[in-house]
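One structure below.
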Amino acid sequence: MLQYLLKQVYGKSPWSYTIFWIELNKKQNGLYLKALNQGELVGFVGIRIEASDAHITNIAVLPSFQQKGLGKELLKQAELFAIRKDCLTLSLEVKASNRVAISFYEKYGFFTNGIKPNYYKDNQEDALDMLYVIEENE
């Protein structure tokens, strides 16, 4: 179901099944939350704690469930987890061409902190490094 969700959201999963498996099984300070509708996976968010930053490794919501507040709720849960872990920031990368996602993150309070050139291996697209400062947005 995870690969189906990623294919629906991204066209092609940015991570392979193996990479997800490794990420989910790491002995680390992180969390993956899934959103279910009638028992079916419709969205998820992955968070990895890195010092005082909670890095969002992945976030996805099925297109038929977008624009209904689910993505915002996943971000809110990521923020609450970050606060419990005494983090000061949330961070993530997003494709520079993904204007819809960038606008969504900006509305939540993220700002562009930099550009990571050729970040995406499949097409060498740049990523925007986005940051959310928890203290400023509480």
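FYI, side chains are in, hydrogens and waters are out, and symmetry mates aren't considered; it's all heavy atoms of this structure.
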Just verifying a value: how many Å separate [X] [atom1] and [Y] [atom2], rounded to the nearest 0.5 Å?
X      : Y      : atom1 : atom2 : answer
Leu131 : Phe111 : CG    : CZ    : 4.0 Å
Leu62  : Phe44  : CG    : CZ    : 10.0 Å
Ile83  : Glu135 : CD1   : CD    : 10.5 Å

(message) Suppose we screen for side chain to side chain donor-acceptor pair (under 3.5 Å). Which residues come up paired with Ser97, at least two apart in sequence or across chains?
(response)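 With sequence neighbours excluded, Ser97 shows a side chain to side chain donor-acceptor pair (under 3.5 Å) to Glu125, given in chain and number order.
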(message) The criterion is side chain to side chain donor-acceptor pair (under 3.5 Å); which residues satisfy it with Lys116, sequence neighbours excluded?
(response)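 Side chain to side chain donor-acceptor pair (under 3.5 Å) check on Lys116 returns Glu93.
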Going hydrophobic residue to hydrophobic residue with side-chain gaps under 4.5 angstrom, can you get from [X] over to [Y]?
X      : Y      : value
Tyr108 : Tyr105 : yes
Tyr132 : Leu80  : no
Ile56  : Leu88  : no

Where [X] and [Y] come nearest, the two heavy atoms and their spacing:
X      : Y      : value
Leu70  : Ala35  : CD1-CB, 3.6 Å
Gly43  : Leu74  : C-CD1, 4.2 Å
Phe104 : Gly71  : CZ-C, 3.4 Å
Ala54  : Ile47  : CB-CG2, 3.7 Å
Pro117 : Asp126 : CA-OD1, 3.2 Å

(message) Going by side-chain contact (heavy atoms from CB on, under 4.5 Å), Asp129 matches just one of Asn113, Val94, Thr112, Leu92. Which one?
(response)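 Answer to the side-chain contact (heavy atoms from CB on, under 4.5 Å) test with Asp129 among Asn113, Val94, Thr112, Leu92: Asn113.
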(request) Identify which one of Asn37, Val61, Leu36 satisfies the side-chain contact (heavy atoms from CB on, under 4.5 Å) criterion when paired with Val42. (result)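 Looking at Asn37, Val61, Leu36, the match for Val42 under the side-chain contact (heavy atoms from CB on, under 4.5 Å) is Asn37.
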(request) Would you indicate whether the side-chain heavy atoms of Asn58 and Val45 approach each other to under 4.5 Å? (result)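 No; the side chains remain at least 4.5 Å from each other.
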(request) Side-chain contact test, heavy atoms from C-beta onward, threshold under 4.5 Å: evaluate it for Lys95 versus Asn123 and give yes or no. (result)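 The answer is yes; the side chains approach within 4.5 Å.
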(request) Mark yes or no for whether Lys72, through its side chain, and Lys68, through its backbone, hold a donor-acceptor pair below 3.5 Å. (result)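 Answer holds: no.
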(message) For Ser91, run the side chain to side chain donor-acceptor pair (under 3.5 Å) check against His55, Arg48, Glu50 and tell me which one passes.
(response)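 Of the listed residues His55, Arg48, Glu50, the side chain to side chain donor-acceptor pair (under 3.5 Å) partner of Ser91 is His55.
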